[in-house]
Engineer: 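Starting off with a structure, shown below.
Chain A is the first sequence line, chain B the second, and so forth, proteins listed ahead of strands; every chain is numbered from 1.
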Protein chains: 2
Amino acid sequence: MAKAKKEALDLSTEEKIKEAAGVVFTKKGYGNARTRDIAEEAGINLALLNYYFRSKEKLFQIVMAERIEKLFGVLAPILNDASTTLDEKLENITENYINMLLEHPDLPIFVLSEIRNNPEQLANRLQAPKILKESAFVRQLMERRSDINPLHFVINLLGMNLFPFVAKPVLQPIMGNEDFYRQMMEQRKKLIPMWMKLMLDHS
Amino acid sequence: MAKAKKEALDLSTEEKIKEAAGVVFTKKGYGNARTRDIAEEAGINLALLNYYFRSKEKLFQIVMAERIEKLFGVLAPILNDASTTLDEKLENITENYINMLLEHPDLPIFVLSEIRNNPEQLANRLQAPKILKESAFVRQLMERRSDINPLHFVINLLGMNLFPFVAKPVLQPIMGNEDFYRQMMEQRKKLIPMWMKLMLDHS
DNA sequence: AAATTATTTAATCAAATGATTAATTACTGC
DNA sequence: GCAGTAATTAATCATTTGATTAAATAATTT
């Protein structure tokens with residue numbers, strides 16, 4: 001039985017719809033998702049969707065805000081934590097990201113492709129520029145290696161974490177079964193910080 | 001004036017439609033693209049689209065096959081080239097990839113998100129597993145570092161190259177203008193092989 | 001329990017959208 | 001120049017789809 005179905009038993013109608021919208025939007029994207037798909041997934045009448053959320057677009061905005069927060073919200077607290085070292089931040093980010101992504105593997109491709117479809121509306125919601133200039137992480141990085149462009153470093157860190165999930169549909173057939181995929185992602189929890197430290201320490 | 005418009009002058013109708021479909025599908029994705037958008041972009045009557053290509057779906061398949069080839073086709077010849085060293089392959093892949101991606105920045109997110117929407121149909125078209133087991137690249141890699149999982153290595157290589165483009169809508173606001181973005185991607189042509197060699201050489 | 005409000009449903013609407021048709025124009029071989 | 005084929009167009013169809021409506025049911029208030 002699908003996850004949403006069993007959760008539905010004890011959720012309010014509004015929550016059921018939001019949950020179902022999350023499932024359907026994330027799986028198919030805004031353009032391929034039908035409000036009827038969402039209603040069916042939620043086990044409710046189609047009219048209820050509009051009763052609670054006015055429109056497909058409004059419902060999508062709500063789901064999208066949650067997903068953006070889930071995908072990027074993990075970062076800020078870790079990057080801004082003044083009490084951890086740079087190395088610890090690399091480990092914390094990777095550990096948190098991979099754990100979250102193993103639970104929500106389709107999150108990155110969904111968020112990134114929807115941002116592509118609507119950059120002006122969605123991209124500015126991210127406080128990315130601010131974090132990148134003012135975070136403890138970037139400060140520590142520049143102190144340690146003033147010759148390394150923090151942006152390249154962050155791109156590599158995020159890329160190593162996110163890319164295997166963005167490309168999962170391509171990688172999965174290579175790896176065979178789901179278990180082996182998970183196993184490799186588990187390995188990366190240790191490997192990614194190690195590789196990032198190599199970049200940090202090379203002369 | 002849009003690229004398609006000026007090319008349109010000397011292209012056959014069929015080619016105009018295919019070009020326009022490429023533009024519209026790549027920008028909006030299958031679900032968000034309207035056949036009318038494509039017809040307008042091509043400067044032709046809507047009925048002509050079906051006259052030449054039968055259906056939106058058929059047209060999409062043709063465009064998609066081209067794009068998959070463009071995104072992954074670069075890889076095979078380089079990975080299989082027995083006459084180059086491992087280090088040279090890293091440089092060749094990166095140089096080729098970044099050049100191509102600077103011309104087609106929205107290609108990766110398009111292909112990956114469409115594969116997500118239709119994995120069974122699209123993912124198996126890639127001969128990825130074969131390449132990964134049998135390529136000169138993997139052979140050389142295993143000879144040099146039998147302790148490194150080639151799959152992790154390839155994920156990192158592809159991630160470093162592709163991720164900045166997959167995440168371009170997010171990164172762009174951080175970088176400010178387009179020129180600075182291009183400049184950073186140019187830098188990565190040298191940096192990515194260097195980082196990959198670090199992973200290869202670490203003890 | 002009557003009245004009021006909130007929730008839910010079936011039926012329906014109107015617009016969007018992929019596709020087709022029938023007629024028109026352009027082209028090609030003779 | 002004409003017959004026949006190919007290319008193109010405007011108009012239209014049939015479905016799909018987001019949204020609404022009016023009626024029914026459930027919950028809450030008084």
Engineer: Quick one: do B:Arg144 and B:Asp87 make a salt bridge, cutoff under 4.0 Å?
Structural biologist: yes
Engineer: Determine yes or no for a side-chain-to-main-chain donor-acceptor pair under 3.5 angstrom, with A:Arg145 supplying the side chain and A:Leu200 the backbone.
Structural biologist: yes
Engineer: Could you write nucleotides 6-13 of chain C as a row of B, S and -, 5' to 3', where a protein heavy atom under 4.0 Å of any base atom gives B, of only sugar-phosphate atoms gives S, and otherwise -?
Structural biologist: SBBBB---
Engineer: Is the closest basic N to carboxylate O distance between B:Arg36 and B:Glu41 below 4.0 Å?
Structural biologist: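 Salt bridge between B:Arg36 and B:Glu41, a charged N being under 4.0 Å from a carboxylate O: no.
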Engineer: Can you tell me how far C1' of C:dT20 sits from CZ of B:Arg54, to the nearest Å?
Structural biologist: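 So the two atoms are 11 Å apart, to the nearest Å.
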Engineer: Could you check, using the six-membered ring where one of them is a Trp, whether B:Phe25 and B:Phe110 have ring centers closer than 6.0 angstrom?
Structural biologist: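 Between B:Phe110 and B:Phe25, which both carry aromatic rings, the centre distance is not below 6.0 Å.
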Engineer: Between A:Lys28 and A:Asp37, is the closest basic N to carboxylate O distance under 4.0 Å?
Structural biologist: yes
Engineer: Given A:Glu178 and A:Lys168, is the salt bridge (Lys or Arg N to Asp or Glu O under 4.0 Å) satisfied, shown in steps?
Structural biologist: CA-CA 10 Å; A:Glu178 179 75 23; A:Lys168 190 182 180 193; 3.1 Å; yes
Engineer: Tell me whether the count of non-hydrogen atoms from other residues, nucleotides or ligands lying under 6.0 Å of NZ in A:Lys27 goes above 12.
Structural biologist: no
Engineer: Rounded to the nearest Å, what distance is computed from the CG atom of residue B:Asn50 to the P atom of nucleotide D:dT9?
Structural biologist: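 Taking CG of B:Asn50 and P of D:dT9, I get 14 Å after rounding.
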Engineer: For DNA chain C, which residues in residues 24-35 of chain A have a heavy atom at a distance below 4.0 Å?
Structural biologist: none
Engineer: When Watson-Crick pairs (N1 to N3 and N6-O4 or O6-N4) and G-U wobble pairs (N1-O2 and O6-N3) count only below 3.5 Å on both distances, what is the dot-bracket string of DNA chain C, with | for other-strand pairs?
Structural biologist: ||||||||||||||||||||||||||||||
Engineer: Salt bridge check: are B:Lys189 and B:Glu186 linked by an N-O gap of less than 4.0 Å?
Structural biologist: yes
